[in-house]
Amino acid sequence: MGDEDSKATAMISILHSLWRVLRHTFDRRVTVQYPEERRVMAPRTRGRIVLTLDPDGGERCVGCYLCAAACPVDCIALQATEDETGRRSAEWFRINFSRCIFCGYCEEACPTYAIQLTPDIELGEYHRPNLVYEKEHLLISGPGKYPGYNYYHVAGLSIGGKDKGEAAAERPPVDVRTLLP
Amino acid sequence: MRVKITVDGKSYEVEQGDNLLRACLSNGLDLPYFCWHPILGSVGSCRQCAVKSYQDDDDTEGKIVMACMESSNEGCRISIDDPEAKRFRAQIIEWLMINHPHDCAVCDEGGECHLQDMTVMTGHDSRRYRFTKSTHRNQDLGPFINHEMNRCITCYRCVRYYRDYAGGKDLDAFGVHDRMYFGRQEDGTLESPFSGNLVEVCPTGVFTDKTFKQHYTRKWDLQSTPSVCVHCSLGCNTILGERYGGLRRVLNRYNADVNGYLICDRGRFGYGFVNSDQRISEAGVRIADGCTLESIDSDVAVRRFTSLIKNKESLIGIGSPRASLEANFALRQLVGKENFYSGASAQEFELVATVVDAMRNGSTQTPSLRQIESADAVLLLGEDPTASAPLLSLALRQSTRQQSILEAAKAGIPMWQDAAVRGLAQDSHGPLFIATPAATALDDIASETVRAAPDDVARLGLAVAHELDPKAPRVVKLGARLKLAKRIAAALLAAEQPLVVAGTASGSKAVIQAAAAVATALGVARAKAAAPWLFLTLPECNSMGLALLNAKPLAEIKQQPKGRGGSVIVLENNLYRRAKAEQVDALLDGKTLVVLDHVQHPTVDRARLVLPAATFAETSGTLVNNEGRAQEFHTAVMPTGAIRPSHGWLLSGLTACRPDEKHALSLEDLRAACAAEFPELASTWLSDESPTLRYAKEKVPRASFRASGRTAMHANVSVHEPTPPEDPDSALAFSMEGFRDPDAQLIPSYWAPGWNSVQALSKFQFEVGGPMRGGKPGVRLIQPCKDAPPSYPDEIPAAFAAREGEWLLLPLSRVFGGEELSSMDPAIQVRTSQAQLLLHEDDGLSLGLSEGDIVEIQSEVGSFSLPVAMRKNVCRGVAMLPLDTPGVGFLQLPLYASIRRVSG
Ligand code: SF4
Ligand code: SF4
Ligand code: SF4
Ligand code: SF4
Ligand code: FES
């Protein structure tokens with residue numbers, strides 16, 4: 001290709017770009033006038049973390065520490081406890097959102113669907129301590145994204161209102177003393 | 001003999017005749033297993049350790065065998081990776097998991113579960129079984145152990161440990177196929193004082209630590225620190241787990257020479273005093289009214305302390321057998337050696353001195369606790385070790401199997417063939433001869449037992465000595481016991497490695513001397529054979545250390561120039577447990593009392609100045625156990641607020657009041673000064689952990705690399721993460737950073753890739769069950785005097801004769817409630833039975849008593865009342881009084897007392 005040719009190509013390319021930019025003047029605007037206007041976030045957007053309740057209204061979190069272990073920035077801390085019926089839960093639960101990178105590993109690690117990331121991404125604060133959320137700030141009043149699941153209905157532990165043998169796919173407790181084969 | 005075996009084409013050196021599973025694990029190979037355990041041997045019941053075994057080099061087919069049931073022989077060729085063997089193992093796990101509950105998230109075993117590890121190792125990751133699961137009801141097993149039966153995989157380890165190994169009776173296997181149940185016949189506390197080991201022996205979450213549950217933390221979140229148990233004189237090694245500044249649990253820490261894989265329940269569950277709200281947390285000074293203690297801050301406390309210790313001449317320092325060697329030595333530095341007194345009671349002081357004398361000047365060898373398991377004839381004199389030194393009892397129990405193990409070996413059955421060896425032995429045990437005033441927990445396996453008062457026990461011992469060596473004094477008027485003495489002598493003489501056990505819990509110097517005499521005479525009779533063993537227990541965790549510092553007995557304080565003024569500094573000690581109240585009062589009268597301690601007690605209540613001291617969990621130090629083994633413990637929890645290690649308080653006082661002299665400033669300096677003054681102790685701190693080397697290397701992290709919550713734990717206080725505390729006294733760091741060297745001496749917890757449970761331990765041993773690759777088994781400070789001429793006590797105690805209307809009160813040790821610190825633990829308190837006066841049934845009847853009656857016990861030192869317990873298995877004419885009985889106060893036993901019924 002000659003020198004002239006390449007100059008012409010360059011020129012065409014530039015003009016083409018100019019034309020495309022100009023054309024955008026007549027496009028529909030995509031910029032949202034935040035905060036007056038807000039976009040609808042996809043339900044799986046990874047934003048502010050919540051702790052959910054199971055369908056029966058009990059706290060889902062059983063205090064297993066898996067979210068804390070999965071968290072790459074170690075911003076979850078909690079203490080497990082047990083009520084008199086044997087139901088385990090978090091005595092306290094803290095997320096330091098000023099460290100959270102919203103990776104969602106905690107949600108993936110959670111065996112009970114308790115911890116969930118929500119589409120709320122408005123976590124701006126002037127004061128870092130305001131980003132430290134305790135259990136009362138994290139708990140919401142419903143099951144979040146996973147409506148049906150109740151961990152205690154599949155676990156073998158007996159808790160108040162669910163005896164041994166009453167979980168999914170369980171037989172009643174064995175009678176050790178029977179002589180039948 | 002070492003032989004070569006081939007595993008997956010690679011050649012390994014293993015011990016001939018060892019089972020292949022242990023051989024593989026010893027060589028660092030990963031092979032899943034369940035029913036096998038290093039101390040329990042093989043039974044081949046779980047079928048998890050399947051490998052392919054080939055007949056010879058031409059065999060391409062091979063056959064599946066259970067590695068734990070096959071011996072290693074020269075040239076044997078196996079494959080772990082063989083696809084068929086792998087499939088077999090995956091299948092076994094899948095079957096085990098059929099009924100397994102969906103519990104990991106709420107299971108205390110999670111994260112340190114052998115079943116989880118093995119499941120991951122075999123690759124079983126999704127459930128194909130679509131039918132229902134069987135379920136089980138749990139039992140309430142008391143304050144120590146939580147029961148969740150659904151999680152059982154029927155490996156039988158629990159009953160094999162609890163019944164076969166530890167001699168427990170109240171745990172068993174019930175039912176058949178998927179109704180198998182491991183528990184008690186009915187709900188109730190597990191009676192064995194070794195039940196806590198179920199937590200570590202059970203490979204699943206069926207048996208877990210109930211005290212840990214109350215402040216549950218995953219293993220990966222605990223900061224673990226190597227430590228030494230402070231609840232008896234044996235010095236078992238432990239791992240302390242810390243989180244949020246609290247001591248969360250105690251686990252066994254393997255020491256091949258001391259406690260091996262086990263600890264007792266007192267050591268495992270007795271830690272509550274560290275977290276107790278009864279702790280002394282602030283320095284205090286007693287104000288004018290003499291009652292109220294006013295809190296003062298640390299600097300003021302040091303100033304006060306300094307002003308009180310200015311005048312060295314009028315100082316008295318009282319050490320403690322439960323404080324570290326360093327703390328005791330610091331006190332000695334502060335008050336001067338002429339003013340340093342032992343904090344032990346007069347009797348304890350004498351008994352400990354007798355023990356030290358026997359160990360140092362006798363020719364007999366003191367075995368390590370672990371060696372005791374291989375003694376094949378035992379004479380136990382004067383006390384029940386189950387209560388005074390619990391793990392010794394467990395070791396003695398194993399020793400009674402030794403003869404049958406040797407017999408089995410002759411028949412070609414290796415020791416690890418557990419069922420076969422036990423089958424061959426049937427119920428035969430021993431020889432184990434027990435001579436004590438009351439029944440012991442080892443009576444069920446004793447060849448012969450005799451109930452006798454301490455003097456008669458000593459006489460029996462001396463008679464045995466005389467049978468063995470005619471030069472030993474002859475005991476006359478022994479009656480029927482002469483024949484017994486002859487039988488004992490014959491059994492000890494016939495053994496390969498005889499052992500004599502006694503201790504200070506008998507409260508009798510004569511018994512200790514008699515035990516030493518038997519061992520000495522045995523040495524003479526056996527001439528060239530291996531030196532016989534003599535094992536003597538002591539009262540407290542550092543009784544030996546205190547004795548080695550040459551403290552003067554408390555009684556000598558009287559000789560101090562009389563007169564008012566001067567200060568008494570009491571180190572971690574309640575004097576009212578050591579002497580009669582009047583004596584203590586007389587001693588403290590007119591003096592200013594300074595007490596350094598961590599728990600409240602009557603001596604603290606009298607103190608003018610109280611300095612809050614760190615517990616064993618909050619500082620580093622050294623304890624010397626009953627065999628003279630110095631072992632270091634380390635800070636597990638950083639002391640908070642005003643709390644400081646005792647040696648820290650003492651050193652600040654020392655530097656402040658004598659600023660122109662050169663003083664130790666740190667634990668290291670203190671150790672150097674101590675080693676310079678007591679060359680015998682110098683070897684304690686000589687190792688490649690010595691200060692210079694220690695700081696050149698990277699520190700060993702206490703936290704696991706998976707520790708969580710670093711940026712949230714304290715975020716409620718401040719969003720700026722605090723820097724981890726510095727620990728200048730050890731090579732451990734409060735951090736997850738550092739070098740996790742499996743050969744390090746200070747391995748704080750066991751973990752290896754794929755091995756999250758305690759079973760990862762085998763990765764840290766030279767060979768399974770052998771010494772640790774890096775672990776430091778402690779340093780033996782006392783060596784026997786090999787060529788000491790045999791010496792025997794000159795005096796033979798007179799035979800005990802029951803008195804009319806009077807009973808000889810004797811001390812009775814109790815495993816729970818008989819030791820000062822563990823008695824403060826809430827769980828231990830639940831296990832502590834009410835103190836009762838133990839009498840022979842006929843003695844009781846002669847007093848017109850029936851079980852449970854309240855009696856008044858009256859002696860020249862006062863009277864008190866207790867309910868009475870009447871048993872057949874007690875020496876006539878004596879009454880056994882539990883040590884540390886609330887409301888009784890200090891009593892120097894033995895003592896004659898009259899007993900009178902007060903009410904029914
Ligand atoms: S989203 Fe990621 S960074 Fe945030 S808490 Fe969960 S695991 Fe931690
Ligand atoms: S993983 Fe889920 S159940 Fe477990 S502690 Fe976290 S939120 Fe609770
Ligand atoms: S025993 Fe192990 S596998 Fe079973 S629920 Fe507990 S942690 Fe999970
Ligand atoms: S309770 Fe534990 S040790 Fe006992 S058989 Fe079941 S899984 Fe094995
Ligand atoms: S470990 Fe070999 S069969 Fe259980």
**OP:** Give me the one residue out of B:V199, B:T217, B:L222, B:T211 that meets side chain to side chain contact (heavy atoms under 4.5 Å, CB included) with B:R249.
**Re:**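 Looking at B:V199, B:T217, B:L222, B:T211, the match for B:R249 under the side chain to side chain contact (heavy atoms under 4.5 Å, CB included) is B:L222.
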
**OP:** Tell me the residues of residues 716-724 of chain B whose non-hydrogen atoms fall below 4.5 Å from those of chain A, in number order.
**Re:**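 At a heavy-atom separation under 4.5 Å, chain A is reached by B:N716, B:V719, B:H720, B:E721.
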
Is it the side chain or the backbone of [X] that comes within 4.5 Å of chain A heavy atoms, both, or neither?
{"X": "B:F131", "value": "backbone"}
{"X": "B:H136", "value": "both"}
{"X": "B:H714", "value": "backbone"}

Can you tell which part of [X] gets under 4.5 Å to a heavy atom of chain B, answering side chain, backbone, both or neither?
{"X": "A:R94", "value": "both"}
{"X": "A:E91", "value": "neither"}
{"X": "A:C75", "value": "both"}

With a 4.5 Å heavy-atom cut-off (strictly below), which parts of [range] touch chain B? List them by number.
{"range": "residues 149-172 of chain A", "result": "A:Y149, A:Y151, A:Y152, A:V154, A:A155, A:G156, A:L157, A:D163, A:K164, A:G165, A:A169, A:E170, A:R171, A:P172"}
{"range": "residues 105-131 of chain A", "result": "A:P111, A:R128, A:P129"}
{"range": "residues 36-54 of chain A", "result": "none"}

Subject >> Derivation and outcome, ring-ring contact (aromatic ring centres under 6.0 Å, His included), residues B:Y181 and B:H147 >> reply: CA-CA 11 Å; B:Y181 193 91; B:H147 192 219; 5.7 Å; yes

Any side-chain to backbone donor/acceptor pair from [X] onto [Y]? Under 3.5 Å, distance only.
{"X": "B:H124", "Y": "B:E94", "result": "no"}
{"X": "A:R87", "Y": "A:E82", "result": "no"}
{"X": "A:N96", "Y": "A:S98", "result": "yes"}
{"X": "A:H137", "Y": "A:E134", "result": "yes"}
{"X": "B:S195", "Y": "B:E191", "result": "no"}
{"X": "B:Q185", "Y": "B:D172", "result": "no"}
{"X": "B:R184", "Y": "B:L141", "result": "no"}
{"X": "B:R151", "Y": "B:G205", "result": "yes"}
{"X": "B:R268", "Y": "B:G196", "result": "yes"}

Who wins among [options] for the most heavy-atom pairs under 4.5 Å with chain A?
{"options": "B:K213, B:R706, B:K133", "value": "B:K133"}
{"options": "B:G111, B:G175, B:S134", "value": "B:S134"}
{"options": "B:C107, B:P101, B:A105", "value": "B:A105"}
{"options": "B:V176, B:N150, B:N99", "value": "B:N150"}

Original post:
Between B:D187 and B:R137, is there a salt bridge with N-O shorter than 4.0 Å?
Top reply: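 Looking at B:D187 together with B:R137, the answer is no, because their closest N to O distance does not fall below 4.0 Å.
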
Subject >> Check ion pair B:D221-B:R710 (N to O, under 4.0 angstrom) >> reply: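 Salt bridge between B:D221 and B:R710, a charged N being under 4.0 Å from a carboxylate O: no.
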
Original post:
Looking at B:F207, is B:R157 sitting on its ring face, NZ or CZ under 6.0 Å from the six-membered ring centre and within 45 degrees of the normal?
Top reply: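 Verdict for B:F207: no cation-pi partner in B:R157.
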
Subject >> Distance-only side-chain donor-acceptor flag, B:N138 / B:E148, under 3.5 Å >> reply: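 Per modelled atom types, B:N138 and B:E148 side chains form a pair under 3.5 Å.
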
Original post:
Side chains of B:H114 and B:D117: donor-acceptor distance under 3.5 Å anywhere?
Top reply: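 Short answer, no.
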
Measuring centre to centre across the rings, with the benzene-like ring taken for any Trp, is [X] within less than 6.0 Å of [Y]?
{"X": "B:Y271", "Y": "B:F269", "result": "no"}
{"X": "A:Y133", "Y": "A:W92", "result": "no"}
{"X": "B:W751", "Y": "B:F705", "result": "yes"}

Subject >> Pick from A:A69, A:C71, A:A70 with the largest number of heavy-atom pairs that fall under 4.5 Å of chain B >> reply: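 Between A:A69, A:C71, A:A70, the count favours A:A69.
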
Subject >> Winner by heavy-atom pair count (cut-off under 4.5 Å) against chain B, out of A:I95, A:L179, A:T81, A:T178 >> reply: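 Among the listed options, the one with the most contacts to chain B is A:T178.
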
Subject >> Minimum side-chain heavy-atom gap B:V830-B:F144 below 4.5 Å >> reply: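 No, their side chains stay 4.5 Å or more apart.
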
Original post:
Is there a side-chain contact between B:S224 and B:Y750 (heavy atoms, below 4.5 Å)?
Top reply: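 Not touching, per the 4.5 Å side-chain cut-off.
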
**OP:** Identify the two heavy atoms, one from B:D108 and one from B:Y216, that lie closest to each other, and give their separation to 0.1 Å.
**Re:**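 Heavy atoms of B:D108 and B:Y216 come nearest at O-OH, 2.9 Å.
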
